[in-house]
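See below for the structure under consideration.
Count residues from 1 along the sequence. One-based numbering, in listed order, for ligands and for the atoms of each. Values below: all heavy atoms of this structure, side chains included; hydrogens, waters and symmetry mates excluded.
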Amino acid sequence: MVNEVLFYLIGNDPGVYVDATVGLGGHTKEILSSLTSESRVLGIDLDRAALETAKHNLREYGERVTLVEGNFVDTPKILSRFGIARVDGVLLDLGLSSFQLASDRGFSYRSSSRLDMRFGKGARYSAYDVVNRFGEKMLSDIFYRFGEERFSRQIAKKIVARRKRSSIETSDELAKIVASSIPGRGAVKSLSRVFQALRIFVNDELGNLATALSVLPDLLNPNGRICVISYHSLEDRIVKRRFKELVSSGGFLALTEKPVSPGISEVQENRHSRSAKLRCILRKV
Ligand SMILES: C[S@@+](CC[C@H](N)C(=O)[O-])C[C@H]1O[C@@H](n2cnc3c(N)ncnc32)[C@H](O)[C@@H]1O
């Protein structure tokens with residue numbers, strides 16, 4: 001949804017923009033190319049390996065781009081380190097990148113790599129810790145709450161029974177246990193829900209999103225915008241509620257009355273984009 005992001009995100013030019021989930025730098029590149037040469041982008045990400053690639057991908061922009069390893073909840077602190085008080089736009093493209101999905105950190109149920117799932121530093125637990133040390137009720141609650149998985153209890157029970165024999169080390173070992181807990185043919189959906197739930201829990205994704213949306217609006221200049229791309233209903237609900245609150249406060253305008261979804265051709269090219277929803281607000285004064 002690059003064109004839609006650029007359409008809603010960019011107002012003031014020259015300006016300072018924050019790509020708070022810079023990943024490999026795809027959106028930042030497009031933002032920088034659509035702005036005049038005095039405009040800058042500060043890119044933040046938790047993932048050091050992604051930032052290394054972003055640095056390479058964005059090298060042609062020189063000092064117009066600054067990359068920082070950090071959590072987007074700390075955007076105010078990060079900006080003040082660079083002497084920036086206000087910005088003209090913030091983009092949050094949530095979740096994980098295809099780069100991370102293909103990494104050896106256990107994000108994918110199709111891979112065989114050690115269960116980790118941490119985006120970067122700061123996470124209290126890895127997926128390995130959760131799967132091997134958390135109690136059955138806690139596991140079941142995680143799968144239900146963050147994956148909306150209806151077989152959460154059966155899956156948690158199987159995990160606890162299986163780890164009594166030996167610890168669950170890899171993503172494919174976990175995938176087999178999950179698949180064997182599901183009656184009938186629904187295993188693929190359950191697999192993605194369970195892996196999503198673990199990732200959301202390990203990285204405190206919903207907590208980080210709520211915190212970010214409480215601090216970011218105060219950083220905006222007039223006509224400054226916040227755009228959020230979310231990938232599941234748990235995230236979108238948080239964005240929708242917070243934006244509604246900000247609009248009711250009188251200082252903000254909703255640029256997207258309804259969330260914007262990708263077009264058919266984008267979904268055909270990239271299946272991962274099919275659940276994307278973009279919402280944007282603008283600071284009036
Ligand atoms: C969907 S990808 C972003 C892709 C990026 N827009 C691009 O064009 O390459 C999401 C990124 O957000 C990062 N991320 C997730 N939670 C974060 C947080 N709390 N703070 C900073 N980065 C975070 C992930 O590490 C991942 O690289």
* Look at the side-chain heavy atoms of Ile, Leu, Val, Met, Phe, Trp and Tyr, link any pair under 4.5 Å apart, and say whether V16 and V68 land in one connected group. => yes

* At a 4.0 Å threshold, what atoms of ligand 1 neighbour a non-hydrogen atom of V22? -> 5 (C), 7 (C), 9 (O)

* Output the list of atoms in ligand 1 that are nearer than 4.0 Å to some heavy atom of G95, sorted by atom number. => 10 (C), 11 (C), 12 (O), 15 (C), 24 (C), 26 (C)

* From E205, H232, E235, residue fulfilling side-chain contact (heavy atoms from CB on, under 4.5 Å) relative to L94 -> E235

* Asked: Is it the side chain, the backbone, both or neither of L96 that has a heavy atom closer than 4.0 Å to ligand 1?
  -> backbone

* Taking it one step at a time, do R40 and V65 satisfy side chain to side chain contact (heavy atoms under 4.5 Å, CB included)? -> CA-CA 6 Å; R40 292 168 54 193; V65 61; over 6 Å; no

* Asked: Less than 3.5 Å between some nitrogen or oxygen of L94 and one of ligand 1, yes or no?
  -> no

* Asked: Considering the options R165, R163, R162, which one meets the salt bridge (charged side-chain N to carboxylate O under 4.0 Å, His left out) requirement together with E173?
  -> R162

* **Residue G25 vicinity, atoms of ligand 1 by number, heavy atom under 4.0 Å** => 9 (O)

* To do: Check whether any heavy atom of G70 sits under 4.0 Å from an atom of ligand 1.
  => yes

* Asked: Any heavy atom of Q100 sitting closer than 4.0 Å to ligand 1?
  -> yes

* Asked: Can you find a non-hydrogen atom of V73 under 4.0 Å from ligand 1?
  -> no

* Establish whether Y128 and F195 are linked, either directly or via other cluster members, by ILVMFWY side-chain heavy-atom contacts under 4.5 Å. => yes

* K137, NZ: over 12 other non-hydrogen atoms inside 6.0 angstrom -> no

* Asked: Can you find a non-hydrogen atom of L24 under 4.0 Å from ligand 1?
  -> yes

* To do: Could you tell me the residue and atom name of the protein heavy atom closest to atom 3 (C) of ligand 1, and the distance to it rounded to 0.1 Å?
  => T21 O, 3.4 Å

* Between Y125 and F201, how do the two ring planes meet: parallel, tilted or perpendicular, split at 30° and 60°? -> parallel

* Asked: Looking at A20, which atoms of ligand 1 are within less than 4.0 Å of one of its heavy atoms?
  -> 21 (C), 22 (N)

* To do: Consider every N or O of Y231 and every N or O of ligand 1, then say whether any pair is closer than 3.5 Å.
  => no

* Taking only Lys NZ, Arg NE, NH1 and NH2, and the carboxylate oxygens of Asp or Glu, determine whether D129 and R124 approach each other closer than 4.0 Å. => no

* Are side-chain heavy atoms of S275 and Y231 found at a separation under 4.5 Å? -> yes

* To do: Flag yes if more than 12 heavy atoms outside R145 fall under 6.0 Å of its CZ atom; otherwise flag no.
  => no

* Does A50 come within less than 4.0 Å of ligand 1, judged by its heavy atoms? -> no

* CZ (R110) with more than 12 external heavy atoms under 6.0 Å -> no

* Structure fact -> Looking only at protein heavy atoms, what sits closest to atom 4 (C) of ligand 1 is D93 OD2, 3.5 Å

* Asked: Heavy atoms only: which of N208, D47, D45 is nearest to atom 24 (C) of ligand 1?
  -> D45

* Asked: N/O to N/O below 3.5 Å, does that happen between D19 and ligand 1?
  -> no

* Out of curiosity, does M1 fall in the hydrophobic cluster containing L96 (side-chain heavy atoms, cut-off under 4.5 Å, transitive links)? -> no

* Structure fact -> among protein heavy atoms, the one nearest atom 19 (N) of ligand 1 is N71 OD1, 3.0 Å

* Show which atoms of ligand 1 fall inside a sub-4.0 Å distance from at least one heavy-atom site of G26. => 7 (C), 8 (O), 9 (O)

* **Contact (N/O only, under 3.5 Å) between I44 and ligand 1** => no

* Asked: To which protein heavy atom is atom 20 (N) of ligand 1 closest, and what is the distance rounded to 0.1 Å?
  -> F72 N, 2.9 Å

* Structure fact -> atom 22 (N) of ligand 1: closest protein heavy atom, distance to 0.1 Å, is L46 N, 3.3 Å

* Asked: Among protein heavy atoms, which lies nearest atom 8 (O) of ligand 1, and at what distance?
  -> H27 N, 3.0 Å

* Lys/Arg N to Asp/Glu carboxylate O, D116 vs R118, below 4.0 Å -> yes

